[in-house]
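Take a look at the structure set out below.
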Amino acid sequence: MQITKTNLEQFINELIKSGKPVVAPIRENNLSAYKPINSFNQINLDLPFPTKSAKEYFLADYEKILSYSFGEKGQIEMKEPDQPKELILFGVRPCEAASFPIMNKVFSWDSQDKFYQERLAKNLVITVACEQSDDFCFCTSVGLSPQATDGSDIFMRKTQTGDYLAEGITDKGKNLIEKHKDLFAENSNEKPIDYKGPEKKFDLKKIKPWLEKNFEHPMWNQISLPCIGCGVCTFTCPNCYCFDMVDEATLKEGARYKMWDSCQFRMFTVHASGHNPRDNQSKRFRQRIEHKFNYYPDKFDHTLCVGCGRCIRHCPADMSLLETLITINKLT
Amino acid sequence: MLDKLKQRIKELLTNKIVNCVIGYEQGDNPTLARPVYITKPNEAERLVYNEYCIPILAKYILKPEVRSLKLEAGKIGIIAKPSDVRALVGLIQEKQIIREDVYIIAVGRKEDFPKIYDEIIETPLSELDAKRKTQDAEQLKQIAEFEKKTPEEKRAFWQREFDKCIKCYACRQICPLCYCRVCIADKNQPQWIPPMPNSGGNFSWNMIRAYHLAGRCIDCGECERACPVDIPLMMLNKKIQQMIKEKFDYQAGLDPEVPPPLSTYQEDDKEKFII
């Protein structure tokens with residue numbers, strides 16, 4: 001279906017009026033972020049991409065997962081956490097959209113994470129195909145592309161004249177287009193901007209076999225030396241899903257929170273005995289690569305990386321996942 | 001200048017005056033050079049020196065991996081900007097490094113450095129330092145503007161800024177003076193600071209970080225640069241610097257012989273704060 005720029009504006013504004021929060025990339029000062037919007041005019045689809053990925057609308061940066069209080073006779077009264085709201089995400093990048101079903105593999109494995117699953121079921125993702133990339137993008141190297149529709153409910157491509165071609169990918173997406181069909185027209189002969197994405201930079205097939213054999217390779221020490229051990233890479237990553245939990249309580253009531261955690265932190269693996277199996281940054285850096293390109297594919301048959309480049313773009317010490325993978329490629 | 005620097009590093013490594021030199025190389029990011037460790041004379045060719053040589057190298061001297069590179073004899077060399085040398089002064093004062101273990105190759109204008117370097121490669125004011133000076137002036141203006149706000153407005157300002165915090169601790173990890181082996185934010189028995197990025201947790205973390213650097217922050221600006229969500233952390237740091245200057249006539253990172261005011265005791269200390 002085809003939608004003009006004016007109709008797209010009306011479409012988004014109607015969605016906002018319908019009461020469901022609409023989340024889209026906006027620019028506040030110099031910071032690009034996915035935020036709930038009040039009007040179409042706030043949206044900014046230009047580079048740079050939002051610093052934090054849209055992950056937080058699926059895996060909240062923190063949330064209350066249960067709370068309790070003591071009744072008058074000391075009995076425990078449990079309270080269910082708030083239900084997540086239905087959201088519409090507009091202007092999500094194809095790489096990020098692809099990350100949602102990938103992460104769902106771990107959250108619907110042996111233990112069912114209802115917090116993630118509910119959000120995945122409720123949220124509606126309207127992806128807009130990329131027209132450009134920057135120095136750090138590498139989606140094409142991990143099997144995706146600016147035209148990849150994985151994880152999208154509706155996929156939009158801009159045309160040469162500034163209209164958009166919209167494709168309903170899931171029933172959820174098709175229904176939404178159907179509901180607003182007066183704003184859409186049948187496709188004319190207009191062609192979408194067919195951006196092929198950044199040049200392929202390494203051969204993904206070679207990475208896992210090397211990682212399996214080279215846990216103790218001297219490369220790890222060398223390549224990880226600039227790493228300062230902050231959580232920028234993992235927290236801006238659309239696919240890093242590790243979390244921690246903490247209880248906060250008074251004598252009368254308490255709550256349990258779940259929040260993002262990072263394998264790059266020293267505390268991540270400290271045992272109660274004080275022993276830390278990942279006692280230096282090189283081991284922690286190796287873990288990030290091994291998890292994404294070896295352990296996750298082992299378990300879930302998919303790389304835990306969509307090539308958005310955030311971990312490189314925002315690293316304060318210029319650590320580069322891409323360069324690491326290119327180095328591994330050369331070592332094979 | 002770069003040739004001279006490379007040549008000098010080669011000499012230092014060949015003559016075994018240093019075992020390792022911490023400098024910069026060009027990595028993936030065209031606007032940010034990457035810290036690098038040079039241990040062999042021919043590796044000195046990898047070095048770069050330009051306005052993108054931003055990450056503070058004094059931080060790297062504290063890495064356990066780097067300390068282990070300091071073999072039986074010899075020192076760790078460091079290619080130092082003014083902020084690196086100020087950080088080293090702080091680390092020497094606080095007994096985190098021994099002066100004799102480090103060989104400081106200063107690069108810049110003589111007048112910008114505390115006089116503790118081993119040698120200097122003199123250059124005109126670098127673009128990076130010039131940029132920093134303009135930034136400094138802007139931030140001082142920002143602070144002056146901020147001072148005019150009411151307490152409620154001030155609180156609202158910081159609440160809004162801290163709400164952006166994602167608790168990635170890049171500010172702490174890049175800070176050359178944040179070297180605690182176990183940070184208060186990591187202590188979880190009990191959990192002193194809420195670890196989640198909610199308003200309470202973010203406010204506690206960011207204020208404690210700023211307070212713990214009172215009289216110690218050497219004004220390198222790295223916390224603010226590392227912050228992925230652009231929290232103006234240097235506004236806090238600079239305000240505290242101003243207060244330390246006013247109360248104790250002290251500026252951190254200038255002279256390793258002067259004891260830092262907040263970690264020393266004198267009998268005639270003013271006690272006006274005791275009620």
Side-chain angles (χ1 to χ4, degrees), chain A residues 28-31 33 51-52 56 60-64 134-136 221-222 224-236 243-248 257-262 264-268 270 272 279-282 309-310 312-324 326, chain B residues 22 24-37 52 54-57 59-60 62-66 68-69 160 164-175 178 181-183 185-189 191 194-198 200-202 222-223 225-232:
Chain A
E28 275 177 336
N29 300 321
N30 282 325
L31 192 67
T51 303
K52 275 163 91 182
E56 63 182 307
D61 48 1
Y62 77 96
E63 66 184 314
K64 200 186 274 186
D134 69 9
D135 294 342
F136 309 105
N221 275 332
Q222 204 50 45
S224 63
L225 278 171
C227 180
I228 53 167
C230 71
V232 171
C233 47
T234 50
F235 285 179
T236 57
F243 59 84
D244 191 9
M245 280 185 281
V246 70
D247 283 10
E248 275 199 344
Y257 293 88
K258 171 183 166 191
M259 66 268 164
W260 293 353
D261 199 357
S262 169
Q264 300 306 297
F265 295 156
R266 188 191 67 90
M267 282 297 286
F268 190 76
V270 176
D279 55 358
N280 65 38
Q281 204 53 40
S282 127
R310 282 186 174 80
I312 318 167
R313 201 175 289 123
H314 302 294
C315 176
D318 188 31
M319 290 294 294
S320 171
L321 179 80
L322 182 56
E323 201 173 306
T324 307
I326 293 172
Chain B
I22 309 177
Y24 296 99
E25 69 174 341
Q26 186 56 52
D28 260 9
N29 192 334
T31 58
L32 188 67
R34 176 185 297 165
V36 65
Y37 302 83
Y52 302 121
I54 302 169
I56 187 149
L57 296 181
K59 179 74 186 186
Y60 287 87
L62 299 170
K63 282 195 86 166
E65 295 94 324
V66 181
S68 67
L69 286 173
R160 202 170 53 241
K164 299 193 289 194
C165 177
I166 56 172
K167 286 279 182 87
C168 69
Y169 298 113
C171 48
R172 172 185 78 187
Q173 295 304 110
I174 198 81
C175 174
C178 264
R181 283 190 57 208
V182 181
C183 172
D186 285 344
K187 290 199 174 156
N188 55 9
Q189 290 175 339
Q191 188 81 52
M196 49 280 202
N198 61 4
N202 286 351
E222 281 289 87
C223 48
R225 177 189 69 85
C227 179
V229 291
D230 295 350
I231 302 174

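Given the structure is predicted, the values throughout are model-derived calculations rather than measurements. Throughout, protein chains are lettered first and strands after them, A, B, ... in sequence-line order, and every chain is numbered starting at 1.
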Closest approach of [X] to [Y] (non-hydrogen atoms, all atoms of both residues):
X         : Y         : answer
Asp318(A) : Ala33(B)  : CB-O, 4.3 Å
Pro228(B) : Thr51(A)  : O-CG2, 3.4 Å
Pro30(B)  : Phe136(A) : CD-CZ, 4.1 Å
Leu31(A)  : Val229(B) : CD2-O, 3.5 Å
Val232(A) : Ala170(B) : CG2-CB, 3.6 Å
Pro195(B) : Val246(A) : CG-CG1, 3.7 Å

How long is the gap from [atom1] on [X] to [atom2] on [Y], to the nearest 0.5 Å?
X         : Y         : atom1 : atom2 : result
Met259(A) : Lys167(B) : CE    : NZ    : 8.0 Å
Ile56(B)  : Ile228(A) : CD1   : CD1   : 11.5 Å
Lys64(A)  : Asn198(B) : NZ    : CG    : 10.5 Å
Met267(A) : Asn188(B) : CE    : CG    : 4.0 Å
Met196(B) : Phe243(A) : CE    : CZ    : 15.0 Å
His314(A) : Asn29(B)  : NE2   : CG    : 10.5 Å

- Item | Partner chain A: residue of Pro55(B), Gly201(B), Ala226(B) with the largest heavy-atom pair count (under 4.5 Å) | Ala226(B)
- Query: Heavy-atom count around Gln222(A) CD within 6.0 Å, excluding the residue itself: above 12?
  - Reply: no
Please classify the contact of [X] with chain B as side chain, backbone, both or neither, using a heavy-atom distance under 4.5 Å.
X         : result
Asp61(A)  : both
Gln281(A) : both
Lys52(A)  : side chain
Arg313(A) : backbone
Thr234(A) : neither
Ser262(A) : neither
Cys315(A) : backbone

- Query: Okay, side chain of Lys63(B), backbone of Cys227(A): is any donor-acceptor separation there less than 3.5 Å?
  - Reply: yes
- Note on the structure: Contacts of Asp261(A) meeting salt bridge (charged side-chain N to carboxylate O under 4.0 Å, His left out) (sequence neighbours excluded), chain-then-number -> none
So [Y] and [X], do their side chains get closer than 4.5 Å, heavy atoms only?
X         : Y         : answer
Pro64(B)  : Asn280(A) : no
Pro316(A) : Arg225(B) : yes
Asn29(A)  : Asp230(B) : no

- Query: For Val36(B), is it the side chain, the backbone, both, or neither that has a heavy atom closer than 4.5 Å to a heavy atom of chain A?
  - Reply: neither
- Task: Please look at Tyr60(B) and chain A and tell me whether the side chain, the backbone, both or neither of the residue comes under 4.5 angstrom of a heavy atom of that chain.
- Result: side chain
- Using 4.0 Å as the upper bound for N to carboxylate O, is an ion pair formed by Arg34(B) and Glu323(A)? yes
